[in-house]
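Only one structure is covered here, and it is reproduced in the block below.
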Amino acid sequence: MSELLKIEGTVEKIMFRNAENGYVVLELYTEDAPVTVTGELGDVEEGEILTLTGKITEHPHYGEQFEAENCERKLPDTTENIRRYLASGVMKGIGKALANKIVDTFGTKTFDVMEHEPMRLMEVRGMTKAKCEEIAREAGHIFSLRSMIAYFEGYGVKSRYAMRVYRVLGDSARKKVEQNPYLLCGEEIGMSFQKADAFAHMLGIEDTAICRVSAGIQYILAHNQNTNGHTCLPLERLEKSTLEFLKINEKAFYDAYNAEIKEEHLIEYCKGERAFIYPENYYKAEKYIADKIALMREYPKAGETDFESLIEESSQEKNITYAEMQKMAIRSALSEGMLILTGGPGTGKTTTLNAIIDCFRKQNFSVMISAPTGRAAKRISDLTGYEAKTIHRLLECKMTPTGQATFSRNESNPLMCDVLIVDEMSMVDVMLFSNLLRALKTGCRMILVGDSDQLPSVGAGKLLAHLIQSGCMPVVTLTEIFRQAQQSCIVMNAHRIVNGYLPDITRKDSDFFFFHRTEYAQTMQLLLDLVCRRLPKAYHYSPTKDIQVIAPSRVGTVGVLELNKALQARLNPPTAGKAQVKSVEYTFREGDKVMQTRNNYDITWSKDDENGEGIFNGDIGEILAIHKKQDEIIIDFEGRIAVYTISMMEQLSLAYAITVHKSQGSEFEAVVMPLIGKYEKLSYRNLLYTAVTRAKKLLIIIGTPQKIQEMTENNRRINRYSCLLDMLRKSTGEIV
């Protein structure tokens with residue numbers, strides 16, 4: 001990636017400023033030439049002298065820019081630049097005319113007077129005492145910010161954090177941070193706990209200080225949410241982890257713990273005789289889900305609508321005879337206003353959902369459809385024929401500078417629909433679902449569709465499982481495998497696996513094949529031959545568009561990283577004239593199959609005559625062109641053409657092979673899966689079942705019968721600490 005550079009110059013023009021996050025686009029005059037600069041530079045103004053550290057980037061629309069990571073600021077030192085600076089509006093009450101008078105009076109000593117002897121401004125012709133005091137207050141803010149930036153730079157803290165600190169904490173920021181340096185690792189400022197801890201040690205903060213232990217507790221809870229999916233932790237486990245991580249004693253822990261409980265930064269929830277500890281935001285999310293669903297149960301039920309006639313009309317129009325369980329699901333959706341529709345492959349979930357949508361539309365209800373990922377939304381849109389959006393897009397999500405999601409749709413700005421359908425509910429976490437519920441208007445019906453036997457969400461909680469177990473809303477589980485699906489070994493073996501029976505790996509005449517291999521080299525050789533030669537020859541499959549390699553683990557000899565490199569070497573080797581760029585993990589070439597690994601709401605794309613914004617985590621595309629000189633990479637995401645810069649490539653990975661977790665919500669014509677190696681933590685039934693159900697027409701597993709048996713028999717459900725189930729039962733009065 002680009003090396004860091006340093007430039008210095010005078011701010012000539014401010015072209016864009018976001019007052020909320022301090023992001024600025026400006027024109028900087030250096031000795032060599034004007035430079036367009038971007039970054040979180042706060043309240044810089046025309047005439048200032050900046051020394052910037054950063055890198056050169058190429059914006060798809062605005063050309064070459066300098067992306068600043070750190071900023072040293074100097075006040076203007078010439079009378080002309082001082083005039084421009086004051087006339088820019090940086091200080092409330094000073095316009096162009098007054099700026100000229102002040103500089104005419106004090107010249108290059110203007111800032112010394114304003115900082116140290118502000119009442120001397122009374123010497124300016126026409127200056128009143130009230131006006132002088134107003135300007136003195138404004139000047140105090142400016143010099144306070146500059147002093148704080150210089151203070152933080154002395155400790156190696158980047159200026160962007162100083163800007164955020166000042167924006168959040170105001171003029172007293174330095175004093176507050178010296179008292180509690182761990183304010184820096186709060187969400188609004190976004191420094192890591194480790195960096196804030198290092199800064200605190202430089203300030204001489206003791207290891208047992210309440211502010212340090214409190215921040216450590218919050219860090220441990222956040223780490224367990226992001227890494228292990230826990231929304232809360234048992235008190236005894238939180239205590240043990242904190243003592244080990246911070247190297248402190250029990251007294252220090254409980255002093256901080258009790259202070260956090262008193263301030264309600266931590267919430268203690270008792271389930272039986274055991275205490276579970278939440279950070280405030282996750283407690284509010286789970287409690288809101290429980291309370292909102294209890295409220296939705298009280299909505300008036302449907303009137304005397306003849307649902308049987310609607311169902312029969314839909315059956316005749318579509319020439320489909322619905323099974324009894326499908327009819328039950330349709331009736332529940334229409335009459336109860338809430339439904340969880342679940343079931344494995346081949347059981348008719350899509351047929352049932354289409355009937356539900358059809359019946360609602362016949363009653364002139366407006367229906368919105370959503371899914372947690374872009375690929376899942378596209379899939380349900382293709383299956384139903386109606387537009388589907390990601391949940392984030394539906395809620396009009398915006399990201400803060402520190403990466404926090406905020407949603408424009410909420411209680412005061414609800415979604416304008418009568419029915420909301422959410423597909424792939426197994427992928428939805430509690431935080432996202434609570435925000436979705438906040439956006440539902442009173443009386444809106446909700447249909448949740450998913451497969452509870454798949455992997456749980458990447459985000460914290462076990463939402464779908466707990467909703468089903470709570471009995472808080474009708475649940476219809478489709479179990480009948482329809483005749484057409486019974487012809488598929490993929491479908492039948494998926495059901496065998498989920499019920500704890502070994503799949504039939506002996507057949508050679510269907511869509512489910514097994515190749516016995518025990519060595520890594522043999523497995524890799526066969527996999528490459530299947531993907532690159534045999535399957536394209538036998539089935540006319542495209543190795544990149546139709547075939548997807550799925551692996552349990554990201555690392556290891558046959559993990560995703562190594563598989564991608566091997567597949568790329570065969571399918572898209574380096575050749576003369578083929579441009580490529582390097583990232584930390586991969587070398588990307590023109591023609592490579594790639595996946596977006598995080599949500600990016602700002603990337604613009606075009607498709608035919610349509611333009612839009614947003615490329616999302618899990619979206620798969622192909623690199624069409626790499627223009628190094630223009631710092632431009634053009635990528636085709638299934639018809640949506642997006643332009644990336646080289647620095648944005650860190651958001652991508654090669655996608656010839658992906659993990660089972662990343663495959664969730666997608667289906668592929670053919671799936672090839674290596675199952676060899678230990679990876680005990682990933683050898684369980686749900687993961688194997690999820691992988692098998694990603695294949696539409698062909699599945700090939702390479703490995704050993706022992707590994708398949710181990711995964712099938714290991715019904716270890718991922719243990720995630722959460723009290724949502726208990727909250728749901730209490731809020732809805734359900735006793736199980």
Atom pair CE (M368) and SG (C444), whose distance is rounded to the nearest 0.5 Å
9.0 Å
Intermediate values then yes/no, side chain to side chain contact (heavy atoms under 4.5 Å, CB included), L437 and M446:
CA-CA 9 Å; L437 289 180; M446 184 172 65; 3.7 Å; yes
Can you give me the closest heavy-atom contact between G216 and L246, atom names plus distance?
CA-CD1, 4.0 Å
Give the C-alpha distance, both sets of side-chain angles, the deciding distance and a yes or no for side chain to side chain contact (heavy atoms under 4.5 Å, CB included) between D255 and V213.
CA-CA 9 Å; D255 285 347; V213 180; over 6 Å; no
On a heavy-atom basis, which atom in L233 and which in L238 lie closest, and how many Å separate them?
CD1-CD1, 4.2 Å
Hey, does I217 have a side-chain heavy atom less than 4.5 Å from the side chain of I277?
no
Heavy atoms of V555 and L561 approach each other most closely as CG1-CD1, 4.3 Å
With a 3.5 Å distance limit and no angle check, can you tell me whether R297 reaches the backbone of T732 through a side-chain donor-acceptor pair?
yes
Side chains of V428 and M425 in contact at under 4.5 Å (non-hydrogen atoms):
yes
Checking R274 side chain against P234 main chain: does a donor-acceptor pair fall under 3.5 Å?
no
The single option from T597, T373, N617 passing side chain to side chain donor-acceptor pair (under 3.5 Å) against K662
N617
Would you say that more than 12 heavy atoms from the other residues, nucleotides or ligands in this model lie under 6.0 Å from the NZ of K287, or not?
no
Tell me whether T342 contacts the main-chain N or O of G450 through its side chain, where contact means a donor paired with an acceptor under 3.5 Å.
yes
Using modelled atom types and a 3.5 Å cut-off, is there a donor and acceptor pairing between side-chain atoms of D429 and backbone atoms of S457?
no
Return the CG to CG distance between N226 and L221, rounded to the nearest 0.5 Å.
11.0 Å
Taking H265's backbone N and O only, do any of them form a donor-acceptor pair with Q218's side chain (distance below 3.5 Å, no angle check)?
yes
Should L436 and L395 count as side-chain neighbours, where that means a heavy-atom distance under 4.5 Å?
yes
A side-chain contact here means heavy atoms from C-beta on lying under 4.5 Å apart; do Q454 and L464 qualify?
no
Enter the distance from L463:CG to L724:CG here, rounded to the nearest 0.5 Å.
6.5 Å
Parallel, tilted or perpendicular: which describes the rings of F199 and Y151, with under 30° parallel and over 60° perpendicular?
perpendicular
For residues L394 and L415, report the shortest heavy-atom separation together with the two atoms involved.
O-CD2, 3.5 Å
How long is the gap from CG on L266 to CD on E280, to the nearest 0.5 Å?
9.5 Å
Distance-only donor-acceptor check, side chains D291 and S731, under 3.5 Å
yes
Mind listing the closest non-hydrogen atom pair of V660 and L687 along with its distance?
CG1-O, 3.7 Å
Just checking, is any N or O donor in the side chain of H230 or N719 under 3.5 Å from an acceptor N or O on the other one?
no
Side chains of T231 and E286: any donor to acceptor distance under 3.5 Å?
yes
With the threshold set at 4.0 Å, does a side-chain nitrogen-carboxylate oxygen contact exist between K240 and E236?
no
Judged by modelled atom types alone, do N224 and Y721 share a side-chain donor-acceptor pair under 3.5 Å?
no
Should the heavy atoms of other residues, nucleotides or ligands under 6.0 Å from CD of Q194 be counted, would the total exceed 12?
yes
Heavy-atom donor-acceptor pair, N714 side chain to R685 backbone, under 3.5 Å
no
Separation between CD (E263) and OG (S214), nearest 0.5 Å, reads 9.5 Å
Testing the 3.5 Å rule here: is there a donor-acceptor pair between the side chains of E268 and Y257?
yes
What I'd like to find out is whether the side chain of M473 reaches to under 4.5 Å of the side chain of I340, using heavy atoms alone.
yes
Please examine the side chains of L467 and C472, heavy atoms only from C-beta on, and report whether any two atoms are closer than 4.5 Å.
yes
Counting only heavy atoms from other residues, nucleotides and ligands, does the tally under 6.0 Å from CD of E178 exceed 12?
yes
Given side chain to side chain contact (heavy atoms under 4.5 Å, CB included), test F407 with L432 step by step and report yes or no.
CA-CA 10 Å; F407 301 97; L432 183 58; 4.1 Å; yes
Taking every non-hydrogen atom, the tightest pair across G93 and E134
CA-OE2, 4.0 Å
Answer yes or no: is there a donor N or O on one side and an acceptor on the other, between the side chain of D619 and the main chain of F616, under 3.5 Å?
yes
Atom CG in N435, atom CD1 in I289: separation rounded to 0.5 Å?
9.0 Å
Would you confirm whether the ring centroid of Y282 sits within less than 6.0 angstrom of the ring centroid of Y278?
no
Between R438 and R409, does a side chain to side chain contact (heavy atoms under 4.5 Å, CB included) hold up when you go through it step by step?
CA-CA 8 Å; R438 290 179 193 279; R409 293 291 182 175; over 6 Å; no
Under a 3.5 Å distance rule, please check whether Q664 uses its side chain to pair with a backbone N or O of L455 as donor and acceptor.
yes
Quick one: does any side-chain atom of R598 pair with a main-chain N or O of Q651 as donor and acceptor, under 3.5 Å?
no
Is there a side-chain contact between M595 and S653 in this structure, where contact means two heavy atoms from C-beta onward sitting under 4.5 Å apart?
yes
Within-4.5 Å side-chain heavy-atom neighbours: L448 and F433:
yes
Taking S172 for its side chain and K175 for its backbone only, find out whether a donor-acceptor pair lies under 3.5 Å.
no
